[in-house]
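For the numbers below, each heavy atom of this structure counts, side chains included, while hydrogens, waters and symmetry mates do not. Just so it is clear: chains get the letters A, B, ... in the order the sequence lines come, proteins before strands, and each one is counted from 1.
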Amino acid sequence: MTVAFKKPESLLDAKTIYCPGCGHGVIHRLVGESLDELSLREKTVGIAPVGCAVLLYDYFNTDIIEAPHGRAPALATGIKRVRSDLTVFSYQGDGDLASIGMGEIMHAAGRGENITIIFVNNANYGMTGGQMAPTTLPGQITTTTPKGRNTAINGFPFKMAELIASLDAPVFSARVKITDPKSINKAKKMIKYAFTLQKENKGFSFVEILSACPTNWGKTPSEAVKWVGDAMERYYPLGIFKDIGGDK
Amino acid sequence: MTVAFKKPESLLDAKTIYCPGCGHGVIHRLVGESLDELSLREKTVGIAPVGCAVLLYDYFNTDIIEAPHGRAPALATGIKRVRSDLTVFSYQGDGDLASIGMGEIMHAAGRGENITIIFVNNANYGMTGGQMAPTTLPGQITTTTPKGRNTAINGFPFKMAELIASLDAPVFSARVKITDPKSINKAKKMIKYAFTLQKENKGFSFVEILSACPTNWGKTPSEAVKWVGDAMERYYPLGIFKDIGGDK
Amino acid sequence: MQKVVIDIQKCKSCGLCIEVCPKNILNFSSKYNEAGYNYVECIDDDSCIVCKSCAIVCPDLVFTLYKPDKQEVKNG
Amino acid sequence: MQKVVIDIQKCKSCGLCIEVCPKNILNFSSKYNEAGYNYVECIDDDSCIVCKSCAIVCPDLVFTLYKPDKQEVKNG
Amino acid sequence: MAEKVLMKGNEAIAEAAVRAGLTGYFGYPITPQNEITAYMSARMIELGRAFVQAESEVAAINMVYGAASTGKRCMTTSSSPGIALMQECISYMCGAEVPAVIVNITRGGPGLGNIGPSQCDYNQATRGGGNGDYDMIVYAPHTVQEAVDLTYRSFDVSEKYRNPVLILGDGALGQMAETVILPDFKEKEKSDEGWELTGAKGRAARSIKSMRLAEGKLLEHNLHLEKKSKLMRENEVEYSYEEGTYDILVVAFGTAARVAKTALKNVKEYGYNVGLFRPITIYPFPYEKLRQAASQSEKILVVEMNRGQMLFDVQLSIQNDKKIDFLGKPGGQTFAPEEIENKIFSCLK
Amino acid sequence: MAEKVLMKGNEAIAEAAVRAGLTGYFGYPITPQNEITAYMSARMIELGRAFVQAESEVAAINMVYGAASTGKRCMTTSSSPGIALMQECISYMCGAEVPAVIVNITRGGPGLGNIGPSQCDYNQATRGGGNGDYDMIVYAPHTVQEAVDLTYRSFDVSEKYRNPVLILGDGALGQMAETVILPDFKEKEKSDEGWELTGAKGRAARSIKSMRLAEGKLLEHNLHLEKKSKLMRENEVEYSYEEGTYDILVVAFGTAARVAKTALKNVKEYGYNVGLFRPITIYPFPYEKLRQAASQSEKILVVEMNRGQMLFDVQLSIQNDKKIDFLGKPGGQTFAPEEIENKIFSCLK
Amino acid sequence: MYFDCIMAGHGGQGILSAGMILAQMAFHSDLHVTWFPSYGAEQRGGTANCAVVISNEEIGSPIISNPLYGLIMNYPSLVKFQPKFKKNAKAVVDLSLVSKEYLTREDITFYGVDATKTASELGSAKVSNMVMIGALLKISGLFDINVAKEMLKLALSKRHHNLLPVNKEALQKGYEFVSEV
Amino acid sequence: MYFDCIMAGHGGQGILSAGMILAQMAFHSDLHVTWFPSYGAEQRGGTANCAVVISNEEIGSPIISNPLYGLIMNYPSLVKFQPKFKKNAKAVVDLSLVSKEYLTREDITFYGVDATKTASELGSAKVSNMVMIGALLKISGLFDINVAKEMLKLALSKRHHNLLPVNKEALQKGYEFVSEV
Ligand SMILES: Cc1ncc(C[n+]2csc(CCOP(=O)(O)OP(=O)(O)O)c2C)c(N)n1
Ligand SMILES: Cc1ncc(C[n+]2csc(CCOP(=O)(O)OP(=O)(O)O)c2C)c(N)n1
Ligand code: SF4
Ligand code: SF4
Ligand code: SF4
Ligand code: SF4
Ligand code: SF4
Ligand code: SF4
Ligand SMILES: [Mg+2]
Ligand SMILES: [Mg+2]
């Protein structure tokens, strides 16, 4: 018998605090596997967001620093600028990255920092109990949009992968989902590619991952995963929006 | 004899602190004339930035509030939400709007606030003595890019009019220049149109104005104006990037 | 030796693996783990084709999977 | 009555109006205003065609312009 | 119309503000005050008033600054790190003299800390982390009822001084449900006071600003602000204290004070003579009254859910450190009454 | 290699940091400290070190937090409102125990205020506007030379305590040029202390964080931080004071102290017996020493370019308000020596 | 009169509303009462709890480190709170979900009721919390069971009034079936 | 020994560097010196000024509210600083740019020199500031003119050393031509 599947070395053997069916767990694994496969674990610093993934350091077997809410790209910039030999990634939720952290992500992208952003879009603020996020879908009910997100009052969701792709400096921006083995494997490919670009000093890479938050969506894990591939994917098309990794 | 040209009522009869040949003066006038022509002066609240235009209240004959650096769109949101009958505009420089204020402008735009943004792009921080702005051109020398903006280190400029246009909510986004009577008249048309949209409750309107800062560019007023129409316009194409004012 | 090794203490009973298993060999146990979840068990290890689907969708790294070496398969 | 009225105290001597006047009738005075600028003056009001170019490019609202009524023009 | 209900502190604060005539609420989610934002998202919209979930705390307070500049009653609420982010704008609002109400439902710090009840933002609230000289009246309620009453009044007080007012609660106050009598709706629109930005119709244009560049103007402005602070210190001091001569006088505010009450009750049962001095305003701090009260007691015990912050004000007041003892718990958690009792007993020895 | 030069305060501070081994500078323009950022934009790049003009002060301090977490010497500089915006992250850095140096070249406040020299951020610096219990060593230099010396040392001190250190200057200090002797370059790389994030090679993964969710952990952490603060208070107090028995002892820091020196010299010429107590660290404040010094003087005069902030610390120290008088100037401007002289004379009466 | 109780279980069991119903009963009896829920990230991983304090005097802390009464509806909650109870405390446990062998502390009295099963039998799994409350009323004597049933009307929000009968029945069953373990 | 001076003019006149050159002279004479420029928005609208204090003792304030000496190179600067001079102060004015009629204070002594014109005649409009410094040295006796000329080498940055001769000449002319108004 040979091992066909096991925990990547870049993750710790830990129980997470995530809810049943939460997408964060899968994404952790994909990042961990990518670091393993690129032999980056021992020279990586990851940046935990403020959000459900705040305890990243309890789950990752790499050095981790906790950022104030939304500021992970600024920390990443700081680390990379003084230690360009380190692999630096931020792991951020949609509230963290697209709401309070809009300035920091846009500017890290605008500067073309040689870092990798793992952006977990679960269409709400998970950690604080399910408020509207900048990515909450029109009509979606959250604790702060009790009658559903009304675009006339709450505005429209941000499509971050496209926004980042529209800037000059980033080399890679893509959106993936993690609803089934096939899409998860594809997501893994994109994440690994993003880290590969960083390893090759190509510049700023950004992967947006559509992810389930069953608890706050009031859905079972299975319903939630379906909603990702259904309602969310309809609003947030999957794909690679920019890839100049080869040309640079 | 009839008056062919005079100070608009929406401006005060004041000497400004602006340097000789500075674009701010012209832009003030265009805003003032627009307010006059739309009979909005008496129901307007303008928002002064932190930047050379911070003394807006000394020059405008409308109610004015001074925002902390970069936050004018948040103030505008607050004002408009509790007094939707008022005409609300922010007047912001490129450091103010595109650097520290990136989060606020993106989110006010994303929400589609029914406000008007007058965005003065002079490719540097005027008030603080000519540092690099997010809009500083590649190669441009400033006090913080003594060898010229190096895109490998300092990243690429933001094209704000295009960025805003790429969002779902805004109704109007355009870029103009103010280098000669013709372009100034055109700029005026755009500014007036932006206010018209607000008056008709159409939503978020954004006008980016390429403007001279002779002092910090180390140019004479005439050279500076030429540089706007030359180097700046080459990087920042003029035009209307979004206009759904008719459809909404 | 088993192909499907389940770390029952990590399972949160989300059921995603059960849905995705092509051989329908995963099911909820009637027992609860320390965290209070009725965890998943493999009811027919032999039928497992080691397609890894369960492990790939599982958010909690519950699965470790082993593939029989060619030799073993032959000896099946 | 003059067509071109110049508020000399506001002029900052940037010269933009001078460059743009199609009739070349604007020029720097040899005198300085309170702020220390040698301000602009119109050296030939009669030739002014009230094209407004000067006023439009002037950043400092130095100009007020008057158009002769048709009557006046006729009476020239 | 006063209503007696069982209500969560956070929601009760929100409803009190609504009844005080709140026109604009701007907030950003953060535990342990999320219920306020959630409550407002339904309540304000239902009443046709403004609710905006801001993109950040910085944006939220700046929306308040803008909205309140029109003379409308506005509010934001947050918790510790969120309040830290508001410091620049709070300083602007004090400088520009714009009234508004800010609520801090404090959690454990520093940094991300935890989400438990804490009093570790006393310094932030009373000394300010914004730049420059400024003061804010800070109320520190210890029950849901008091939170409601103070929130309701704070709008008037903030307008009286044209200055923001801060309500300093904590996770326990915000999360617990308690019996509360809700006040009546204030209906009257307030009149124009001459500073509000409402459009320059039939009057000169107005401006609201914190900058004073011209020579001597900032000095003048700060002396004006100091005068207002003096008035606050003269008129707005509030505290709760039962006159007496005590072996030990406990000084505590907010949730620490309510736990201290239980502890004191228990200690009194042993026949000891102990009392409580509870500042209700922590700025202005009741220096005078506490000095007088302290002069009649043997020993002063300051009890705070932090490392000792109000302690400085108590020391400033009493000017005799030897008399003062301190019990702190800086863990983002409340005291158990026994902890306070034990400390009192050890002081009594 | 020590060099004597005539240099602007801002540039001298920058060069001192460079010579102390600064590896990363992150800053955002603001008057009156723009020369630091401008200087660094050339100097750091020339030396192959990191310079980033951040998009905001919030980003700048967070870049410092990130970069400094690798163990490299990092710094940001700003002025009052910019420092206000950094409060949340400063609280995080104190909680997460990351050393770095922050410079505040103070301007007039509150809000946008003006750009003149001021001392109105004393409270912000010493009491903090970040959330939670934390302390920072704060140096208040009064000459360009002292600014250079303290900046140079502050990196060592911040690493000793794994805590940010603040240099509190003002527009006068930053803008003026003065003679200064620049220190030598520190060349030695510091060794790994066991906390730096450098990649988990050959060791267990490390984490840097301010959150402590598990029960009791935040309490434990804060008691640990308190222990560090206690060490700071025991070991890092600095002041300048000439022992003596004075009719009037002036207490002043930074630029106010240097103007006071001139005033005192002039007053002494009239034969009066007057002295100066100048705290160099304002946190930890020299409570003990000042108490002792004050006990030998008739009257204490606190002189500050603000509305009276250090005043509280002086009161805490002396515990006898009657002895203390105050001269403040909260206008974003320095004193003229005569103003202080006049006040001294009126106190002498 | 002083009563405090910790109630704990997993998210879907209606722990917080059970506590709130008890608090409402006290409120309508004009007693002092505080209700304090677990909140924030604590709630993730599926557990929820709340503390209810009822007294005829002003209540100090709404948070109780060492409860007098307990209402335990799953195993992780037992693990968390068993060590915390005051000596001589009384705790009701849902025996459908927690097996007796784990009730190890000897200085407190455990009571059991098959709440989840009973509720299912009543046709509504959701009322297991009311079964537990019924049991708690019995062992604590806090309110008369009939008074409690009457107060349910006031404690339940109007839109749940159609569920009054089944809730009353659940209360009754818990009251009847509870017994010392 | 104590000397202080305010120097003011418009941006292009090299006011700040004139002040810095004076400060450098003091620095190289091992005197205490502070140089304090106008900064920030103050500078906009084209005016610039700096304060130079030189002393053989430690210097208190680098900012001088009531200067002893003045060096005034345009009309707005005169307007700004004329009221501020100490009684009996001495101020040099560039008579090319400021007409005598505006020198109204009678309790201070004004000195004039045609600095701008003189500089133009020397072939470099840029050295008008040095003409003014020359004049200031004369009326203040701060440094011997020949010593000052020698120190110019140390005060000017290397890349300007080709301009040493014309600067020295400017110093000399200012020194010679200045006279009481
Ligand atoms: C300055 C600040 N503001 C607000 C919060 C509260 N907060 C914690 S997590 C969070 C949002 C989390 O949402 P998201 O980033 O989408 O992550 P998720 O939990 O959904 O993965 C917020 C607002 C905070 N900790 N700090
Ligand atoms: C929080 C804060 N940071 C920095 C500053 C300093 N500052 C004043 S104006 C300005 C930038 C001005 O540039 P821009 O917005 O482009 O306006 P301009 O002067 O060019 O018109 C800065 C950084 C400040 N006042 N407040
Ligand atoms: S709240 Fe949502 S995002 Fe957070 S752990 Fe639970 S399911 Fe995941
Ligand atoms: S510095 Fe530039 S933007 Fe500012 S007033 Fe002068 S020319 Fe205009
Ligand atoms: S590996 Fe495939 S077949 Fe085997 S248990 Fe998992 S999903 Fe089923
Ligand atoms: S996917 Fe994982 S956590 Fe979910 S039920 Fe299966 S084994 Fe358990
Ligand atoms: S109106 Fe036209 S012609 Fe007349 S002065 Fe102005 S630019 Fe010249
Ligand atoms: S454009 Fe205006 S300011 Fe410039 S020179 Fe002409 S009149 Fe003067
Ligand atoms: Mg999210
Ligand atoms: Mg600009």
*How far apart are the C-alpha atoms of E:Lys265 and G:Glu58, what are their side-chain angles, what is the distance that settles it, and do they pass the salt bridge (Lys or Arg N to Asp or Glu O under 4.0 Å) test?*
CA-CA 11 Å; E:Lys265 204 191 69 190; G:Glu58 218 178 315; over 6 Å; no
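Contact record, G:Pro62 with E:Arg258: CD-NE, 4.3 Å, taken as the closest heavy-atom pair. Contact detail for G:Met20 and E:Leu6: the closest heavy-atom pair is SD-CD2, 3.7 Å.
Within a 6.0 Å radius of OH in E:Tyr272, other residues, nucleotides and ligands contribute 12 heavy atoms or fewer. For E:Phe345, the CZ atom sits in a packed shell: over 12 heavy atoms of surrounding residues, nucleotides or ligands are nearer than 6.0 Å. Within a 6.0 Å sphere centred on CD of G:Glu106, other residues, nucleotides and ligands contribute 12 heavy atoms or fewer. Other residues, nucleotides and ligands place more than 12 heavy atoms under 6.0 Å from the CD atom of G:Glu180. The neighbour count for E:Phe326 CZ, taken as heavy atoms of other residues, nucleotides or ligands under 6.0 Å away, is above 12. Heavy atoms from other residues, nucleotides or ligands lying under 6.0 Å from NZ of E:Lys299 number more than 12.
At a 4.5 Å heavy-atom cutoff, the contact between E:Lys4 and chain G is made by backbone and side-chain atoms alike. Both the backbone and the side chain of G:Thr34 come within less than 4.5 Å of a heavy atom in chain E. Of the two parts of G:Ile59, the backbone and the side chain both hold a non-hydrogen atom closer than 4.5 Å to a non-hydrogen atom of chain E.
Atom CG of residue E:Leu173 and atom CZ of residue G:Phe36 lie 10.0 Å apart, to the nearest 0.5 angstrom. Distance OG/G:Ser65 to CD/E:Gln333: 9.5 Å, rounded to 0.5 Å. Rounded to the nearest 0.5 Å, atoms CD (E:Glu338) and OG (G:Ser61) are 9.0 Å apart. G:Tyr39 OH to E:Ile115 CD1: the interatomic distance, rounded to the nearest 0.5 Å, is 5.5 Å.
Comparing E:Ala172, E:Ala336, E:Pro117 by how many heavy-atom pairs each has under 4.5 Å with chain G, the most go to E:Ala172.
Of the listed residues (E:Met176, E:Glu178, E:Lys8), just one forms a side-chain contact (heavy atoms from CB on, under 4.5 Å) with G:Trp35, and that residue is E:Lys8.
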